[in-house]
Amino acid sequence: MIIIVALLLWLLGTIIIVKDYKTESTRWCAAVTFVTGLATFSTFWHENIIEFLVNNYHISDSVIKIMWTTDAIMTNIGHNIGPYFILMYGLSFANIVPKNRKIQLYLLLAIPSLLSWILLPVESNYLRSPHEVMMHFRYLSIWAAPYMFVGAFFLIYSYVKEKSPPVKKYKLLTTLVAAPLISYAAVANVIARALGIDNAWRFFIILMPIQFLGFLYFAANYGVMGVKLKFEKLRLDSTIKAITSGTRILNHTIKNEVNVISICCDNAKMSINKENIDIDDVNKNLEIISSAATHLHEMVKRIREQMEDIIIDEKENNLGVIVKSSIDVIKPIADRKDVKIFMCHLNDVIIKCDEVHFIEVLNNIFKNAIEAIEPGIGELKIDCFKGKKELCLSITDNGHGISKEDLSHIFEPFFTTKKHTLNFGLGLSYCYNVITKHGGTLDIQSGEGVGTRVLIGFPDQKVILSPGIAEVI
């Protein structure tokens, strides 16, 4: 039975790494399964293989010593490296470590694992006395058990903090498969043995096949641990499965900008056909058309054929200038519905962002808000405030709002409440992906008949300057 569990763990690791080797958390997860499988195999090695060879064949002492050394190495890989891999899996799954600090933090967290190799003797537990085994695991439990519990905690934390319904469901299933096994291993394989209870870990042999069946079921039906069977790959770092092609984003951008250009052309025609030609109005509309064409050109430059991900080029930008640029683009649409736009608290706010993609995000959000507002009574308010760990851009409208049922689907690609065919349902999916790539958050609060509030959160490390911004506790 033990050999079956080891093979299942290796099989699980192989499936995970083959299906999604590009994702960091997937690689750590596969590493956890491989070293755990190796530690499990070490039990089969000394209880079955060594015992069988020693009892049935005449083997020299030097060969027996090599076999026991091999057993000790396999066991200690599981005990000394496994907990570190579990913590790395949890951290990468939650995606809470800034990229510029990952290497330093990962090396720092590896110190207890390295010290265990140096300070604790590499010897098979099978050759130790019960007291020696207990003392060994007492030293090990100082860091190994906390690492394992914290790793499981970050899996749960990642699920709790996730706002996108499809990704939240995926993270729940991954947590249900991984967290119980990790927690049980911490208790049974480290803490219990530190207390002198030596055989509690053997129940893992029963739990593992059950969890493996759960993995197969979830992978076949929903997607779990970066795997969706039937040769589909669920990407952990994005809610966008249907938007993996840059051409879809380009199509959506073209649709928005062409709409603006069309309105400006109509306005210009009306001004030209007046008895007294309104040159200023014509020039104003031509400037907006030029701005829309420039924005399209910039987007085309950024999007490569069949690209699998959005490329973010972060630079320091004035948030007020970016918002004003987006307002200038959608103002013709707002004017047609007599929507009043209010902007405050954005002067001199400097953030690190991709200007082109962020303007497109705002274009989508502003356009959605204006479409939801009744003509003649509409207001669009844009404000900024500081939270505990982020700077928030708030966009509020007094439109008809979004139903509770629709609110849970708004970030899904191709989902739309708009009936006419020019709306592809890609706008908010794209927005969510861009903001996530910036390390930020996108939250939408709404209800039928009460309007909608969109909150874009920028992490503190992306905020260069924010003078005069009130803090909201």
Side-chain angles (χ1 to χ4, degrees), residues 1-15 17 30-86 112-145 147-148 181-182 184-212:
M1 185 64 176
I2 291 178
I3 187 62
I4 293 175
V5 172
L7 292 174
L8 286 177
L9 284 164
W10 288 333
L11 177 61
L12 177 60
T14 302
I15 293 172
I17 199 68
V32 170
T33 60
F34 283 130
V35 298
T36 306
L38 192 64
T40 305
F41 179 75
S42 71
T43 302
F44 178 79
W45 175 262
H46 67 246
E47 289 185 352
N48 296 89
I49 296 177
I50 294 180
E51 189 173 326
F52 174 80
L53 293 175
V54 169
N55 291 336
N56 293 278
Y57 298 95
H58 180 71
I59 300 176
S60 65
D61 291 342
S62 59
V63 173
I64 293 175
K65 184 177 180 180
I66 291 172
M67 289 193 294
W68 282 117
T69 301
T70 303
D71 175 70
I73 292 172
M74 288 190 293
T75 302
N76 280 272
I77 286 175
H79 292 163
N80 295 338
I81 300 180
Y84 171 73
F85 283 173
I86 288 171
S113 176
L114 293 173
L115 289 176
S116 292
W117 279 105
I118 296 170
L119 300 178
L120 298 178
V122 179
E123 184 181 7
S124 173
N125 291 327
Y126 200 72
L127 300 179
R128 290 177 172 141
S129 68
H131 178 73
E132 288 175 332
V133 170
M134 184 173 67
M135 294 307 298
H136 174 81
F137 279 98
R138 283 187 179 178
Y139 292 126
L140 194 64
S141 65
I142 294 172
W143 71 272
Y147 269 36
M148 295 167 80
L181 282 178
I182 293 172
Y184 181 78
V187 173
N189 200 41
V190 180
I191 296 175
R193 298 178 86 172
L195 297 174
I197 305 170
D198 194 43
N199 289 315
W201 64 270
R202 291 184 181 272
F203 287 103
F204 181 81
I205 298 171
I206 300 172
L207 285 175
M208 182 56 213
I210 295 172
Q211 292 295 87
F212 185 76

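The chain is numbered in sequence order, starting from 1.
Although no hydrogens or angles enter the test, the distance criterion places a donor-acceptor pair under 3.5 Å between the side chain of Ser42 and the main chain of Ala39. Judged by distance alone, the side chain of Trp68 and the main-chain N or O of His46 form no donor-acceptor pair under 3.5 Å.
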Give the C-alpha distance, both sets of side-chain angles, the deciding distance and a yes or no for side-chain contact (heavy atoms from CB on, under 4.5 Å) between Glu132 and Met135. CA-CA 5 Å; Glu132 288 175 332; Met135 294 307 298; 5.9 Å; no
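Tyr147 and Tyr84 have tilted rings, their planes meeting at an angle from 30° to 60° on a 0 to 90° scale. Relative ring orientation between Phe137 and His79 is described as perpendicular, the plane-to-plane angle rising above 60° on a 0-90° scale split at 30° and 60°.
Phe85 CZ to Phe34 CZ: the interatomic distance, rounded to the nearest 0.5 Å, is 11.0 Å. Phe41 CZ to Asn48 CG: the interatomic distance, rounded to the nearest 0.5 Å, is 9.5 Å. A distance of 9.5 Å separates CG in Leu8 from CD1 in Ile15, rounded to the nearest 0.5 Å. Summarising the geometry, atom CD1 belonging to Ile81 is positioned 12.0 Å from atom CD1 belonging to Ile86; distances are rounded to the nearest 0.5 Å. Here Leu11 contributes atom CG and Ile4 contributes atom CD1; the two are 12.5 Å apart, rounded to the nearest 0.5 Å. Rounded to the nearest 0.5 Å, atoms OG1 (Thr75) and CG (Leu38) are 8.0 Å apart.
Trp45 and Met74 make their closest contact through CG-CE, 3.7 Å (heavy atoms, listed as atom of the first residue, atom of the second, distance). For the residue pair Ser124 and Ala72, the shortest heavy atom distance occurs at N-CB, 3.4 Å. The heavy-atom pair separating Ser116 from Asn80 by the smallest distance is CB-OD1, 3.5 Å. Across every non-hydrogen atom of Leu120 and Leu140, the tightest pair is CD1-CD1, 4.3 Å. Of all heavy-atom pairs spanning Gly78 and Pro83, the tightest one is O-CD, 3.6 Å. The heavy-atom pair separating Met148 from Ile182 by the smallest distance is O-CG2, 3.3 Å.
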